[in-house]
Enquirer: 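Got a structure for you, written out below as structure tokens; questions coming shortly.
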Amino acid sequence: MNEKFDHGTGFTKSQVNHRYEGDIEAEARFECITYAPGAALAKFVGLEFLSGRIGDRTGGFILQHVGSIDAGRSESVLNVLSGSGTGELTGIKGHGRSTSSGADGQSAHMLLEYSFDDTPPAPEAQRNTP
């Protein structure tokens with residue numbers, strides 16, 4: 001982790017490199033700005049570039065994080081940035097949430113609901129289309 005604190009604003013700029021394992025296999029670089037008005041509470045916004053695999057597709061995309069840290073537990077709302085997909089992940093869209101706790105986020109979980117622009121609509125959606 002690389003951090004830089006700005007005494008004038010109270011912002012901390014951080015960069016963290018890590019790896020996702022599971023349904024998403026990817027290397028990731030997360031850059032964020034954090035504001036901590038109190039000792040145990042902080043708010044952050046950030047962007048994370050993931051490069052790897054989702055299912056049988058490979059490529060990269062950017063997640064936007066908006067979240068908070070309270071007593072060592074981090075929670076964030078995630079949105080896939082429109083147009084950020086590369087390779088076979090071009091056209092990805094989605095949203096989700098992530099949580100982490102413990103030293104350096106040792107226990108982290110992410111739920112991401114996603115689809116692709118080239119994915120045909122579900123049969124029910126096709127029947128409802130005029």
Side-chain angles (χ1 to χ4, degrees):
M1 177 188 295
N2 181 12
E3 290 188 329
K4 182 178 179 182
F5 180 71
D6 181 332
H7 292 281
T9 63
F11 293 161
T12 300
K13 182 178 179 183
S14 303
Q15 179 180 328
V16 180
N17 296 314
H18 60 98
R19 179 161 178 71
Y20 284 95
E21 296 178 354
D23 293 338
I24 297 175
E25 296 280 340
E27 297 291 327
R29 186 179 79 221
F30 178 56
E31 296 191 23
C32 74
I33 302 290
T34 305
Y35 175 68
L41 179 65
K43 302 288 185 178
F44 64 89
V45 295
L47 297 177
E48 179 176 30
F49 179 72
L50 286 79
S51 178
R53 178 192 60 76
I54 298 179
D56 60 351
R57 296 179 184 231
T58 60
F61 65 98
I62 297 173
L63 283 176
Q64 175 188 45
H65 290 248
V66 177
S68 63
I69 302 167
D70 190 0
R73 179 175 168 82
S74 170
E75 296 185 6
S76 62
V77 173
L78 308 172
N79 284 296
V80 175
L81 289 186
S82 178
S84 69
T86 65
E88 295 172 331
L89 299 180
T90 298
I92 190 171
K93 54 188 172 184
H95 63 276
R97 61 185 163 81
S98 69
T99 59
S100 66
S101 59
D104 295 326
Q106 291 174 345
S107 175
H109 301 280
M110 178 176 70
L111 173 65
L112 184 65
E113 296 180 27
Y114 63 92
S115 62
F116 295 92
D117 287 339
D118 65 352
T119 303
E124 295 81 17
Q126 290 176 350
R127 281 197 293 264
N128 293 329
T129 303

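Remember, it's a predicted structure, so these values are computed and weren't measured experimentally.
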Enquirer: Using every non-hydrogen atom in the two residues, find where Arg57 and Leu89 come nearest and quote the distance to one decimal.
Expert: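 Smallest heavy-atom distance, with atoms named: CB-CD2, 3.6 Å.
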Enquirer: Rounded to the nearest 0.5 Å, how far apart are CG of Asn79 and CG of Leu112?
Expert: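 Going from the CG atom of Asn79 to the CG atom of Leu112 covers 9.5 Å.
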Enquirer: By side-chain hydrogen bond (donor to acceptor under 3.5 Å, both in side chains), which residues pair with Ser68, not counting sequence neighbours?
Expert: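 Per chain and number, Ser68 pairs via side-chain hydrogen bond (donor to acceptor under 3.5 Å, both in side chains) with no residue.
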Enquirer: CG of Asp23: more than 12 outside heavy atoms within 6.0 angstrom?
Expert: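 Counting other residues, nucleotides and ligands, CG of Asp23 stays at 12 neighbours or fewer.
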Enquirer: State, with a plain yes or no, whether a side-chain heavy atom of Ser82 is found less than 4.5 Å away from one of Lys93.
Expert: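 Result no, sub-4.5 Å side-chain heavy-atom pair not found.
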Enquirer: What pairs with Gln15 under side-chain hydrogen bond (donor to acceptor under 3.5 Å, both in side chains), at least two apart in sequence or on another chain?
Expert: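 For Gln15 there are no side-chain hydrogen bond (donor to acceptor under 3.5 Å, both in side chains) partners, ignoring immediate neighbours.
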Enquirer: According to a 4.5 Å side-chain heavy-atom criterion applied to Ile, Leu, Val, Met, Phe, Trp and Tyr, with indirect links allowed, do Leu50 and Leu81 form part of one hydrophobic cluster?
Expert: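 No, Leu50 does not connect to Leu81 through the hydrophobic network.
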Enquirer: Quick one: pull up CD1 in Ile92 and OG in Ser84 and give me the separation to the nearest 0.5 Å.
Expert: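 Taking CD1 in Ile92 and OG in Ser84, the distance rounds to 7.5 Å.
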Enquirer: Can you list the residues that meet the ring pair (Phe, Tyr, Trp, His ring centres under 6.0 Å) rule with Phe11, with sequence neighbours excluded?
Expert: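 By the ring pair (Phe, Tyr, Trp, His ring centres under 6.0 Å) rule, Phe11 matches no residue at all.
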Enquirer: Between Thr90 and Phe116, what is the shortest heavy-atom contact and its length?
Expert: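 Heavy-atom minimum between the residues: O-CD2, 4.0 Å.
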Enquirer: Find out if a path of hydrophobic residues (ILVMFWY) with successive side-chain heavy-atom gaps under 4.5 Å connects Tyr114 to Phe61.
Expert: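 Cluster IDs for Tyr114 and Phe61 match.
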Enquirer: Find the distance between CZ (Arg53) and CD (Glu25) and round it off to the nearest 0.5 Å.
Expert: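 Reported value, rounded in 0.5 Å steps: 5.0 Å.
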Enquirer: Contact between Thr99 and Arg73 at the side-chain level, heavy atoms closer than 4.5 Å - yes or no?
Expert: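 Counting from C-beta outward, Thr99 and Arg73 do come under 4.5 Å.
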Enquirer: So, Ser76 versus Ser98: side-chain donor-acceptor pair below 3.5 Å or not?
Expert: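 A donor-acceptor contact under 3.5 Å links the two side chains.
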Enquirer: With sequence neighbours excluded, tell me which residues meet side-chain hydrogen bond (donor to acceptor under 3.5 Å, both in side chains) with Glu31.
Expert: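 Scan of Glu31 (side-chain hydrogen bond (donor to acceptor under 3.5 Å, both in side chains), adjacent residues dropped) gives Arg29.
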Enquirer: Heavy atoms only: give me the nearest Thr12-Phe5 pair and the separation to one decimal.
Expert: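 Closest heavy-atom pair between Thr12 and Phe5: OG1-CD1, 3.3 Å.
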Enquirer: Would you please name every residue forming a side-chain hydrogen bond (donor to acceptor under 3.5 Å, both in side chains) with Thr58, sequence neighbours left out?
Expert: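 In terms of side-chain hydrogen bond (donor to acceptor under 3.5 Å, both in side chains), with neighbours along the sequence ignored, Thr58 is linked to Glu88.
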Enquirer: Supply the atom-to-atom distance Ser100 OG to Glu75 CD, rounded to the nearest 0.5 angstrom.
Expert: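 Ser100 OG to Glu75 CD: 9.0 Å, rounded to 0.5 Å.
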Enquirer: Side-chain contact test, heavy atoms from C-beta onward, threshold under 4.5 Å: evaluate it for His109 versus Arg97 and give yes or no.
Expert: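 A side-chain contact under 4.5 Å is absent here.
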Enquirer: Do Met110 and Val80 belong to the same hydrophobic cluster, where Ile, Leu, Val, Met, Phe, Trp and Tyr are linked whenever their side-chain heavy atoms lie under 4.5 Å apart, directly or via other members?
Expert: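 Result: yes, single cluster for both.
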Enquirer: Please say yes or no: joined through hydrophobic side-chain contacts below 4.5 Å, possibly via intermediate residues, are Phe30 and Ile69 part of one cluster?
Expert: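 Same hydrophobic cluster.
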Enquirer: Could you go through residues 38-48 and list every donor-acceptor pair under 3.5 Å that involves a side-chain atom there, pairing it with any protein atom two or more places apart or in another chain?
Expert:
from: Glu48; atom 1: OE1; to: Tyr20; atom 2: OH; distance (Å): 3.0
from: Glu48; atom 1: OE1; to: His65; atom 2: NE2; distance (Å): 2.7
from: Glu48; atom 1: OE2; to: His18; atom 2: NE2; distance (Å): 2.8
from: Glu48; atom 1: OE2; to: Tyr20; atom 2: OH; distance (Å): 2.9

